[in-house]
Structure formats: C-alpha cells, structure tokens
Amino acid sequence: MGSMNEEFDFVVVGSGGGSMCAALFMRSVGKASVILEKTESVGGTTSMSGGVMWIPNNRFMAESGIEDSIEKAMRYLDGLVEDCEDTPGATRARRAAYVSEAPRMIDFLVSQGIELLRSPSWPDYYDERPGSSVPGRTVVARLFDLNELGPWKSKLRRSFLHVAPLYSHEGIQLITMKHSWTGRSVLLKLMARMIAAKLTGKQLVAAGAALQGRMLKAAVAANIDIRLNSPVSQLIVEDGRVVGVRTKKDGKDWRIGARLGVMINAGGFARNQKMRERFIPGTNAQWSNAGPGDTGEMIEEATRIGAAVAQMEEMVGQQMTLPPDNDSEFYPMIQMEISKPHAILVDQSGRRFMNEAGSYMAAAQNILRRNLTFPAIPSWMIVDDQYFRRYMLSGTLPGAPRRKAWIKSGFLKAGNTLKDLAIACQIGPETLQGTVTRFNAFVEKGVDEDFHRGHRVYDKWLGDATHKTHPTLGKLEKGPFYAVPVYPGDVGTYGGIVTDAHARVLREDGTVISGLYATGTSTASVMGRVYPGAGCSVGPSFTWGYIAAKHAAVTR
Ligand SMILES: Cc1cc2nc3c(=O)[nH]c(=O)nc-3n(C[C@H](O)[C@H](O)[C@H](O)COP(=O)(O)OP(=O)(O)OC[C@H]3O[C@@H](n4cnc5c(N)ncnc54)[C@H](O)[C@@H]3O)c2cc1C
C-alpha cells in the first residue's frame, strides 16, 4: 500500500444505515474500522427517517407466531421485482442473499444489544400478491434515551418524529385522535411517556433517531472510530484494487489505507439537482426530504474508477406538499392524508389518474408518468369539508386554523362549491364535477372501478378504520371544498452503483472491483423499480452493510 497517513482493516464512507452495522460486525471478529462522515452529524437520512426495516422471516414474527419463510418471501419478491437486464441491482441472486441474510443481520444486531421489535401491523404494499405478509415484516428500534449517548448526544442527526417519542405505527394511529378511541389512547400513552421521561430526566427519541442512536451507542462502546466533517473525495486504487480513500483531517489532505476493503454508504443523489436533471428529469431537489449530505459524489467517484451504475431514474417518491410557511426541515409527506376518505388526487385537467391509497413510490411514478401526457406537476389533492374537519391537511391537525394564511398565499384553494374550487385551481369546472360524480358513485358501490382504491389491505390500512362505510372511500359532497398542490417529492433516490450478492462493486462487464463494497442508496436497489413494503431502504442498507463486512472479513 503506497503512502498512507493511517491504516484500518475496513474503511466506511458515510454514516448511513449499514455503516455502524458493518463496523460492529468487523469489531465482533476483531477487525478495526473507521467511519468517515462528511457532515457534522452522525446517522444520515437513516437517522431522520421512520427507521422502519423490511426484514422477511425475522425473529420477531416467529416470536409472535406469524408465519413466514425464505420461500414465501422469495415468492413475493420474485413476483414483484422483475428480472430485467436494466435492473442489475435486482438480480435473483441478490434477492436470495437479501432474504436469507436480512434476518441474520437482525439476529446480529440483537446480539450486540440493539433493542428492536416488530410493528404490530404494517401490511406489505402489494398484499394481493403471492407470498406477501399482511401482518407485515417490519422491524423498528425501541424508543431511545438520547442521554445514553453522553458526549455524542448532540452529534446524532434528528428524526422527522423528533417532537414526540412515538413509534411510527402509533403516529399513524394518533392522527385519528379527534374521532377514535385508538387515536386517543395513543395520545394518552404519549403523554404518560413524556411525563415519565421528564420525571426521570430522559430525552426519548423514536424512529430513525432511535435506531441510529442505539447503533451509535453500541459503536462508541465498541471503540469504533467515527469521524465527522471528514468528506471522502477519492478512492485510492493500486493495481486494480481499492486500497484506501482520500479524506480530510483537521482541514488537511489525509489518506487512509484499508486492508480488507472500503465500503461506500454515502447515500444517493436526491440533493444534487444536476444529477437529478440528468437521471430523473422533471423532479426537483427541493421536493426531497433526504438529508443534506445526499449529494451523490461517491456514486460519481465510483463511476470514475469503473463502477457500473443502474436504475438511476428511480427514487423513493412521496406525495409531497410545499406549504409556504413550512418551518420544519421536512416538507409534509401526504400519503396517509390522501388515502383518507373524502379525498382524491386529480391532474391539472381535473381527472383522477391513480389509486390514491397505494405505495408512495408508485404514486410519484404515476404523477411523473401522467405528466408526460397531461400536466400533473403539481397535481391537486381535493377534499371536502368532512375531510377538513376530520383529518390532517398538509401536516396540520384536523381543522387547524391555517386556512387564512394558506389561502392568502395561494397555497390552499377553497370554494363553497366544486365549481368555485375548480375555478380557483384553473380546472375546467365540468371536468372536476364529472370526476367527483364518478368517484362518489364508486363510493356508493364500495368499489373504485377505475383504479381499485381500497382493493388491497394496505390501502385500507392507510385509510381510517373508524370511517363508517369504507376505510379509504368517502364521498366529496359537503362544501366548502379545498385543494392543495401535490408534487412528486421523494425521501431519497433508489438507483446507483451496481453490486453483487456479496455487496461487491461491479464494473459494466460484471467483473468485481476488488476491495470495494457498497450499500444503501448509493447502490442500485435490490428491489428494482418497486417498493415491496415499509423499510425497503433502511432494511437493505443495514443488510448489505452486514453482508459486505462478512465478506470482507473472511476473504483476505
Ligand atoms: C422522513 C423520512 C422518512 C423515511 N422513513 C423510512 C423508513 O421508515 N424506512 C425506510 O426504509 N426508509 C425510509 N426513508 C428513506 C431512508 O431513510 C433512506 O433511503 C435511507 O436512510 C438511506 O440510507 P443510506 O444508508 O443509504 O444513507 P444515509 O443514511 O443517507 O447516509 C449516508 C451518509 O453519507 C454521508 N456522505 C455522503 N457523501 C459522503 C462523502 N463523500 N464522504 C463522507 N460521507 C458522505 C452523508 O452525509 C450521510 O450522512 C425515509 C426518509 C425520510 C426522509
């Protein structure tokens, strides 16, 4: 190895989902890792996220008596994720590796003291497909007391649920608190938790921050070297093998050698507008809730040394609104809202064009596809007064007094009649009326004949179980009517560096770039162009990190 300032067994670029998992595995077999994070915070978008991991056949399902198996999960993925030449991240060999290693990765985390549990109910997104799981395959971290991090406490990136120590599934129930006992009981639980935390001096966090907080605590306890403000600018290659990286230390150039390998876990390119224009035209970095470090340079650097990239046009889309007075670092993600009764989505001509209650990735794909033939960016979420009083709108509580400010700025359109609303949105009144009349007739029948909204268990789960006639279908019939513009936003990109079933980086010709591994949204997803269930970004990031470390630890 040429002139290096320092050497480790394993060098990890970025502190995303798989990073600390890989480093902990290395430590468990007596190897030393360094994690180099370019920002001032640990945890990446993973820390900001819901922290949900999609793990088929996991130990918590077995403990709860929920049936699953490798075969069943493979049946589901094989039917859903097509084997295509242009999705080399999603080969059958990679799917098989994912399905068998993901539960082992969870067992490994548990052995390292990471406290996890399963969400009680989170149906797979395509539950009508063979091999799906209706109870769901999601695993999350137990709530975590930030004070357990000691001096690292302020270094953990914050989650989108930072305001309340709530499990994601509880958050979903909480939004029905105005009219359901389940929602109210979650509110009571939350208040009791907050009071208990105050009395005991705890600072509880949930979701991604709980997951990455627990990982960080374990990593610090294992003496893993984690360095912030340490951007990696270059992969160092000698005789065709990646032997280290170029980074900064105290503002100076610094070369770190890697005896067993380098792993890229540096996120995707959601925050890089130039890359978006090249690969996902028509989308905007401002519509993304991905972390600030998601700027894609490690994908470009891997390409420079010969790595293949694929599936670059894919992103984990989300129906997003952009309220003008948004004071959070996250824009409202409205999948859960638009799936509620008395709400529909229409394009700028006033026509529905999709099942509003399905997967968020599919929803954004639908908006982008629709926009090729009819203007649909933004589309309009249309609701009536029943919706307005009962459910959240663009992240605010039911009936919240945001209306005036939003109307003044033009973000929220309102009309006493559908005709008035159509005029306010510059939609043909007759078209919108026709759309709503047709939709209301479907509600009457309990069947959406156009887009099968409510056909899946998942659609209903996203709706409102307490709604009398149907969980996701409700008529738009009581004025005033309201509309907000909806964009094909995202929570990250889904294409990137092509890797094999050991997480090794591949060239265009399919040969391995020796010494280089990659995981997470830096890579072309093992799920191809679909999102099979909640946690298909974080679960794979952890799992491929684990697979990479296992491979690197034994092959040299
Ligand atoms: C609000 C929200 C909720 C979400 N909920 C879920 C969920 O519940 N489940 C799920 O599966 N997905 C969820 N997602 C998506 C998911 O969080 C991300 O896709 C995933 O966390 C990406 O993880 P990663 O490991 O690839 O990278 P990240 O966690 O993004 O980590 C990458 C890190 O690398 C650093 N980095 C980048 N370049 C360099 C460089 N050159 N040198 C050094 N460091 C670098 C970045 O700063 C960053 O810290 C959510 C996203 C959001 C925004």
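Bear in mind that the values here come from a model prediction, so they are computed numbers and not experimental data. One-based numbering, in listed order, for ligands and for the atoms of each. These numbers come from the heavy atoms of this one structure, side chains and all, not from hydrogens, waters or symmetry mates.
- Side-chain atoms of Ser359 come within 3.5 Å of backbone atoms of Met361 as a donor-acceptor pair (strictly under, hydrogens ignored).
- Considering only heavy atoms from C-beta on, Pro488 stays 4.5 Å or farther from Gln365 through its side chain.
- When side chains are defined from C-beta on, Gln112 does not count as touching Arg27, because their heavy atoms never get closer than 4.5 Å.
- In terms of polar-atom proximity, Ala290 is not counted as a contact of ligand 1, lacking any N or O under 3.5 Å from an N or O of the ligand.
- Of the heavy atoms in Ala266, both backbone and side-chain atoms come closer than 4.0 Å to ligand 1.
- Residue contacts with ligand 1 for Met53 are absent, since no atom lies close enough (heavy atoms, distance under 4.0 Å).
- Not a single heavy atom of Val316 sits closer than 4.0 Å to an atom of ligand 1.
- If you check which protein heavy atom lies closest to atom 33 (C) of ligand 1, you get Glu37 OE1, 3.6 Å.
- For the pair Val52 and ligand 1, the shortest N or O to N or O distance falls below 3.5 Å.
- A salt bridge links Glu101 with Arg104; the closest basic N to acidic carboxylate O contact falls under 4.0 Å.
- In this structure, the protein non-hydrogen atom closest to atom 39 (C) of ligand 1 is Lys38 CD, 3.6 Å.
- Near Pro231, meaning under 4.0 Å from one of its heavy atoms, ligand 1 places the atoms 42 (N).
- The Glu297 neighbourhood of ligand 1 comprises atoms 38 (N), 39 (C), 40 (C), 41 (N), with distances under 4.0 Å to a heavy atom of that residue.
- For the pair Glu170 and Arg193, the salt-bridge criterion is met [side-chain N within less than 4.0 Å of a carboxylate O].
- The closest protein non-hydrogen atom to atom 23 (O) of ligand 1 is Thr46 OG1, 3.1 Å.
- For ligand 1, the atoms closer than 4.0 angstrom to any heavy atom of Ser15 are 33 (C), 34 (O), 49 (O).
- Remark: ligand 1 and Ser230 share no N or O pair separated by less than 3.5 Å (distance only, no angle test).
- Side-chain contact between Asp124 and Trp54: present, with at least one pair of heavy atoms (C-beta onward) separated by less than 4.5 Å.
- Nearest non-hydrogen protein atom to atom 30 (O) of ligand 1 is Thr45 N, 3.0 Å.
- In the vicinity of Met298, heavy-atom distances shorter than 4.0 Å reach the ligand 1 atoms 41 (N).
- You'll find the ring centres of Tyr76 and Tyr126 outside the 6.0 Å limit.
- Between Glu6 and Arg227 there is a salt bridge, with a side-chain nitrogen of the basic residue lying less than 4.0 Å from a carboxylate oxygen of the acidic one.
- At the top of the distance list for atom 42 (N) of ligand 1, counting protein heavy atoms only, stands Val232 N, 3.0 Å.
- With no hydrogens or angles considered, a side-chain donor-acceptor pair links Thr39 and Arg157 at under 3.5 Å.
- Classification of the Tyr546-Phe25 ring pair by plane angle, with boundaries at 30° and 60°, yields perpendicular.
- Between Trp544 and Tyr98, the closest side-chain pair of non-hydrogen atoms falls below 4.5 Å.
- Between Asp500 and Arg94 there is no salt bridge, since no side-chain N of the basic residue sits under 4.0 Å from a carboxylate O of the acidic one.
- For the residue pair Thr45 and Gly291, the shortest heavy atom distance occurs at OG1-N, 2.9 Å.
- Judged by distance alone, the side chains of Thr523 and Thr499 never bring a donor and an acceptor atom under 3.5 Å apart.
- Contact between Ser159 and ligand 1 is absent, with no heavy atom of the residue lying under 4.0 Å from the ligand.
- Each of the following atoms of ligand 1 lies closer than 4.0 Å to a heavy atom of Gly43: 29 (O).
- Closest protein heavy atom to atom 53 (C) of ligand 1: Asn289 O, 3.0 Å.
- Contacts with ligand 1 closer than 4.0 Å are made by no heavy atom of Pro292, backbone or side chain.
- Among all protein heavy atoms, the one lying closest to atom 13 (C) of ligand 1 is Ser49 CB, 3.9 Å.
- Each of the atoms 7 (C), 8 (O) of ligand 1 lies under 4.0 Å from some heavy atom of Gly51.
- Taking atom 5 (N) of ligand 1 as the reference point, the nearest protein heavy-atom neighbour is Gly50 N, 2.9 Å.
- Contacts between Leu36 and ligand 1, counted as non-hydrogen atom pairs separated by less than 4.0 Å, involve the backbone only.
- For the pair Met333 and ligand 1, a heavy-atom separation below 4.0 Å is found.
- Listed by number with element, the atoms of ligand 1 under 4.0 Å from a non-hydrogen atom of Gly520 are 26 (O).
- Contacts between Tyr531 and ligand 1, counted as non-hydrogen atom pairs separated by less than 4.0 Å, involve the side chain only.
- On a distance-only criterion, Val13 and ligand 1 share no N/O pair closer than 3.5 Å.
- Residues Leu24 and Phe108 are in side-chain contact: their nearest non-hydrogen atoms beyond the backbone lie under 4.5 Å apart.
- Those atoms of ligand 1 with a heavy atom of Cys536 less than 4.0 angstrom away are 11 (O).
- Shortest non-hydrogen contact noted between Gly43 and Gln212 is O-NE2, 3.2 Å.
- Residue Ser537 has at least one nitrogen or oxygen atom sitting less than 3.5 Å from a nitrogen or oxygen atom of ligand 1, judged on distance alone.
- Between Arg529 and Glu313 there is a salt bridge, since at least one side-chain N of the basic residue sits less than 4.0 Å from a carboxylate O of the acidic one.
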